[in-house]
Amino acid sequence: MFAGGFCVGAAEEICAGGPLPAGRIAALLARLVEQSIVQRHRTDPARFRLLDTVREFGADWLRALGEEHAVRLRHRDHFRRLVRQGWTEWNTGRQVAWCERTLTEHANLRAAMDCALTDPDRRIALGMAADLGFLWRHCGSLRDAQHCLDLALATDPPPGPDRTRALWARGAVALLQGDLEVAADWAERCTDAADTQADPVAVVAAAYLTGGQLALSGRLGEAIDVLSATPRLPIRQDGFGAAQLQVRVALSFSHLLRGDHDRARRVAEEVREASVECGESWAGAFADGIVAQTDLARGAVRAAVDNARTALAGHGLLHNTVGAAMALDVLAAAVVAAGDGPRAARLLGIGERVWELTGRAQMDSPDLLATRRSHELRIRAEIGDSAYRAAYEEGFGMAYEEGLDYAAEGR
C-alpha cells in the first residue's frame, strides 16, 4: 500500500488485521529486513522501503486475497488523520516538523488523496483536500495543492467548514502562483462561505484572500482598507491562525508597496513578534523580508542584508519557493546597495530560476515586477551589461539548493 517509504507506526496502523495484531508488526518487519524483502531507507533508518518488484508482488497477493480495498482505506484514513493534525498544529512551534513530515510522506499523501477522491462520499475528499492542500501550499508544492483542491471542489460541495477551508486554500494557492483573476474568484467564494459560518476567524482568513489579491493587482488603497478592517482576534494554532498572521503580512506589504515604510515596518515588527510567540516561521519570514526592504529605504544596508538573509533562511526551512524567490529579490537589492554588483546579478539569476518553479514571476504583481526591473537596471549601471549577463546566467544555472546555499553565504 505504501507509495514511497513508511515507518513502523504507519505499518502497525495500516497493515494489522485478521490474524496479524499490531504488536507483531515491528518484529515481522525486522525479519523481512534480514531477508532483504524490506529495506531500510538509505538516509533515515527509522523508515523502510520496498523494491518495486517486491511491491508489485505484494500488491498481486493483496488483490488475490480480496484485502486490497480494506487496506487501501486504512492507508487513506491514516494519512487523512495525519494531515488533519498538521492543519490543527500548523501555527505552532511544530510548523517546521510538519513541513518535513509533509515532504517525507509526499508520495503516500498523493496516493491517499487519490483514494479519497474515488470515494462516493465526497465529504472525505473535501476535508482531506482542505488539510493537505493547505500543507502543500505552505511547503512549496503549489501544483499538487491546486490539483487536489480543484478536484475536490469540482463537484460544488455543500456549505460547511471543510468547504470554506478548501476554498481558502485554493485561493491562497492562486495568490502565490500569481493567478490573480482566479484568486479574485476564489476570494469571493470563500468570503461568501465564511460569512455563513459562526466563525469570525474564518471571516478574517477570507479577508486575506481579498486584500492579498487587491495588493498584488496594484489596488493598494483598497487592499489596505480591507485588511486593516479585520478585527484583531486571539491568534489560533490551526491553519486559520496562520491566515490571521498572513492578513497582517499582506497589510504590511501593501503599506510597503505604497511607499509608507514606517507603517509597513511597524506592522511587520508586530508580525515578527506574534510569529515568535506562536513559534511559527512562515509569516515571520515574510515579515523579515519586509523589514529588510524598509532597512534599504532608510539606508541601513547592512541591516537589510542581514534581514533578507534571515528571511531566506526562514523560507528555506519550510521549502517555501515563493517566499525564497521574494527574499532573493530583496537580497539582490541589498547586496548591490552594499557595492557587490556581480553577486547581486547572480542572486537575481538564482531568484528568477526559483520563480520559474512557482508560477508567474513576482506573482504577476505590477509593483513587484517594476521593483525587480529597477534592481536589474541599477546592477547593469553598476557593472555593465556584459558583466551583468555573465553573472546573471551563472546564478540562473545553479540548481535550487546550490543557489540557496550561495545566497546564504555571509559575504
Side-chain angles (χ1 to χ4, degrees), residues 93 95-96 99 140 245-246 248-253 255-257 259-355 362 368 371-372 374-376 378-379 382-383 391-392 395 398 400-411:
Q95 191 176 87
V96 173
C99 179
L245 290 181
Q246 290 172 44
R248 306 302 292 172
V249 170
L251 178 60
S252 177
F253 178 72
H255 285 310
L256 180 74
L257 294 182
D260 193 339
H261 299 119
D262 289 340
R263 286 184 179 173
R265 188 181 187 93
R266 183 164 61 250
V267 177
E269 294 284 12
E270 290 174 3
V271 173
R272 293 213 291 190
E273 182 178 342
S275 174
V276 170
E277 290 177 0
C278 294
E280 75 92 54
S281 301
W282 203 91
F286 277 104
D288 289 330
I290 293 171
V291 169
Q293 292 176 82
T294 64
D295 288 330
L296 267 182
R298 63 183 185 177
V301 175
R302 186 68 255 170
V305 170
D306 291 342
N307 278 314
R309 267 206 193 96
T310 300
L312 184 62
H315 292 306
L317 281 175
L318 295 165
H319 305 270
N320 179 7
T321 47
V322 171
M326 291 185 71
L328 285 163
D329 286 350
V330 177
L331 183 58
V335 167
V336 71
D340 192 343
R343 183 174 181 82
R346 289 187 199 97
L347 291 169
L348 280 188
I350 295 166
E352 194 68 17
R353 180 69 176 270
V354 177
W355 278 116
Q362 284 75 40
L368 290 180
T371 300
R372 194 269 182 203
S374 70
H375 298 334
E376 177 185 334
R378 177 171 179 179
I379 298 168
E382 293 274 350
I383 64 176
Y392 175 89
M398 294 183 187
Y400 178 75
E401 294 293 345
E402 180 188 7
L404 294 192
D405 288 344
Y406 175 83
E409 292 174 3
R411 287 175 49 186

Q: Any chance you could lay out the side chain to side chain contact (heavy atoms under 4.5 Å, CB included) test for Thr371 and Asp329, step after step, and finish with the verdict?
A: CA-CA 9 Å; Thr371 300; Asp329 286 350; over 6 Å; no

Q. Are the side chain of Gln293 and the backbone of Leu256 linked by a donor-acceptor contact shorter than 3.5 Å?
A. no

Q.
Nearest 0.5 Å, please: how far is OH in Tyr406 from CE in Met398?
A. 6.0 Å

Q: Identify the heavy atoms of Ala285 and His315 that sit nearest to each other, and give their distance.
A: CB-CE1, 3.4 Å

Q) Are the side chains of Val267 and Phe253 in touch, meaning some heavy atoms are under 4.5 Å apart? A) no

Q) Is a donor on one side and an acceptor on the other found under 3.5 Å between the side chain of Ser252 and the backbone of Val249? A) no

Q | For Leu245 against Ala274, the heavy-atom pair lying closest together | A | CD2-CB, 3.7 Å

Q) Under 4.5 Å between any side-chain heavy atoms of Phe286 and Gln246, yes or no? A) no

Q. Do Arg343 and Glu409 have side-chain heavy atoms sitting under 4.5 Å apart?
A. yes

Q: Could you pull out all residues at least two apart from Ala313 that satisfy side-chain contact (heavy atoms from CB on, under 4.5 Å)?
A: none

Q | Arg372 CZ to Met326 CE distance, which is reported to the nearest 0.5 Å | A | 14.0 Å

Q. Is there a side-chain contact between Glu352 and Leu348 (heavy atoms, below 4.5 Å)?
A. no

Q. So which pairs with a foot in residues 281-294 pass salt bridge (Lys or Arg N to Asp or Glu O under 4.0 Å), sequence neighbours left out?
A. Arg272-Asp288

Q: Show your working on side chain to side chain contact (heavy atoms under 4.5 Å, CB included) between Leu328 and Leu404 and close with a plain yes or no.
A: CA-CA 9 Å; Leu328 285 163; Leu404 294 192; 4.2 Å; yes

Q. CG of Asp306 to CG of Leu331: how many Å apart, nearest 0.5 Å?
A. 10.0 Å

Q. For the residue pair Leu296 and Ala304, what are the closest heavy atoms and their distance?
A. CG-CB, 3.7 Å

Q.
Rounded at 0.5 Å granularity, tell me how far OG1 in Thr321 sits from CH2 in Trp355.
A. 9.0 Å

Q. How far apart are the closest heavy atoms of Ala292 and Asn307, and which atoms are they?
A. CB-CB, 3.7 Å

Q. Heavy-atom distance under 4.5 Å between the side chains of Val96 and Ser281, does that happen here?
A. yes

Q: Would you check if the side chain of Ser275 reaches a backbone N or O of Val271 as a donor-acceptor pair within less than 3.5 Å?
A: no

Q | Atom CZ of Arg353: over 12 foreign heavy atoms under 6.0 Å | A | yes

Q) If you measure from the Lys or Arg side-chain nitrogens to the Asp or Glu carboxylate oxygens, is any gap between Arg266 and Asp262 under 4.0 Å? A) no

Q: Identify the two heavy atoms, one from Gly341 and one from Ile379, that lie closest to each other, and give their separation to 0.1 Å.
A: O-CG2, 3.5 Å

Q: Examine distances only and state if a side-chain atom of Gln362 and a backbone atom of Leu368 form a donor-acceptor pair shorter than 3.5 Å.
A: no

Q: Output every pair passing salt bridge (Lys or Arg N to Asp or Glu O under 4.0 Å) with a member in residues 273-283, not counting sequence neighbours, ordered by first then second residue.
A: none

Q.
Using a strict threshold of under 4.0 Å (side-chain N to carboxylate O), is an ion pair present between Arg265 and Asp295?
A. yes

Q: Could you check if a side-chain atom of Glu270 sits within less than 4.5 angstrom of a side-chain atom of Arg248, using non-hydrogen atoms only?
A: yes

